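It should be emphasised that the depicted structure is a prediction, and the values quoted were computed from it without experimental measurement.
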Amino acid sequence: MSVNPMAYEAQFFGFTPQTCMLRVYIAFQDYLFEMMLVVERVILKKLEGCPDSKISPFQIRKSTEKFLLFMKERFDHLFSKMEQMLLQLVLNIPKNVLLPEDKVHEQYPYSKEQFQTLHGEIDQLQKQYKVEVSAGQTLLAELEEQKMVQAELEKTLQWFDGLENICREHGTSNLKESFAFLTQTAKKLQDILKEVEKKNKRLQNSNLHVV
């Protein structure tokens, strides 16, 4: 069998020419073996009708094997010539023939050095793409954080708007006066809370004395 890989032919046919020839060889060989067995059975059947025959089945088997070996040697010799002819004239793609899917290489030929340079540029672009994707993800995270901060600022502004409205209702429009007003109001509330606690303690003590 040929040792040439014939990769271009395999690309076109979908199988290697050597594989094709091997299957043809096996098919012919199996047919030869089957035919020899059929011939042997016919000879044995003929001998059954000749009681005086001195040829035994063992001798027939030995003769069959010897003849089979002779036929196989002749077959291998002839098949080798047939294989060489088929691989060169039938299953071979000439060097000047280009498959349709490879026409692009004819239109845009590249040397090995140019291909390596192109491959390096592709690697560089892939790295830049990964960097840009990472930067984009970082920007998206910052944007989400800015949205959260903006939401908190809007809540603070709404709180100030509400505070300003309350202060206006009480006759104070200046922010400084508003804080002063809130401070006074908070102090009053604290005083009222302390007074309530004192009264509560007095009531508890009074209840204890009554008991």
Could you please spell out the steps behind the side-chain contact (heavy atoms from CB on, under 4.5 Å) verdict for L37 and E40?
-> CA-CA 5 Å; L37 290 175; E40 184 183 60; 4.1 Å; yes

Taking R41 as the fixed residue, which of I43, V38, V39 is the one that meets the side chain to side chain contact (heavy atoms under 4.5 Å, CB included) rule?
-> V38

Is D76 salt-bridged to K72, going by a charged N under 4.0 Å from an acidic O?
-> yes

Can you name the nearest heavy-atom pair linking L91 to F13, along with the distance?
-> O-CE1, 3.8 Å

Rounded to the nearest 0.5 Å, what's the gap from NZ on K130 to CG on L125? Could you check?
-> 12.5 Å

Validation row: L69, E65 side chains within 4.5 angstrom (heavy atoms) = no

One should read off an interatomic distance between E132 CD and K127 NZ, to the nearest 0.5 angstrom, of 14.5 Å

Heavy atoms of other groups near Q59 CD, more than 12 under 6.0 Å | yes

Could you please spell out the steps behind the side-chain contact (heavy atoms from CB on, under 4.5 Å) verdict for K66 and S63?
-> CA-CA 5 Å; K66 186 176 179 180; S63 299; 5.6 Å; no

Apply the test side-chain contact (heavy atoms from CB on, under 4.5 Å) to residues L44 and I60: give CA-CA distance (whole Å), side-chain angles for both, the deciding distance (0.1 Å), then the verdict.
-> CA-CA 8 Å; L44 289 174; I60 293 175; 3.4 Å; yes

Indicate yes or no for a side-chain donor-acceptor contact from E9 to the backbone of N92 under 3.5 Å, with no hydrogens or angles considered.
-> no

Between P17 and A10, which heavy-atom pair has the shortest distance, and what is it?
-> CD-N, 4.5 Å

Could I get the full list of side chain to side chain donor-acceptor pair (under 3.5 Å) partners for D30, not counting sequence neighbours?
-> none

With clusters built from Ile, Leu, Val, Met, Phe, Trp and Tyr whose side-chain heavy atoms come within less than 4.5 Å, directly or transitively, what are the remaining members of the cluster of F67, listed by chain and number?
-> L32, F33, M36, L68, F70, M71

Answer yes or no: does atom CZ of F28 have more than 12 heavy-atom neighbours from other residues, nucleotides or ligands under 6.0 Å?
-> no

Qualifying residues under side chain to side chain contact (heavy atoms under 4.5 Å, CB included), relative to S134, sequence neighbours excluded | none

Minimum heavy-atom distance between E83 and M21, given as atom pair plus value | CA-CE, 3.6 Å

Given a cutoff of under 4.5 Å between side-chain heavy atoms of I, L, V, M, F, W and Y, with clusters grown through shared members, what are the other residues clustered with Y31?
-> M35

Please name all residues satisfying salt bridge (charged side-chain N to carboxylate O under 4.0 Å, His left out) with R23, sequence neighbours left out, ordered by chain then number.
-> none

Tracing side-chain contacts under 4.5 Å among Ile, Leu, Val, Met, Phe, Trp and Tyr outward from Y129 reaches V133

Same apolar cluster: F12 and L86, side chain cutoff 4.5 Å = yes

Do the side chains of Y25 and M85 join up, straight or via other hydrophobic residues, at under 4.5 Å, putting them in one cluster?
-> yes

Going hydrophobic residue to hydrophobic residue with side-chain gaps under 4.5 angstrom, can you get from V90 over to M82?
-> yes

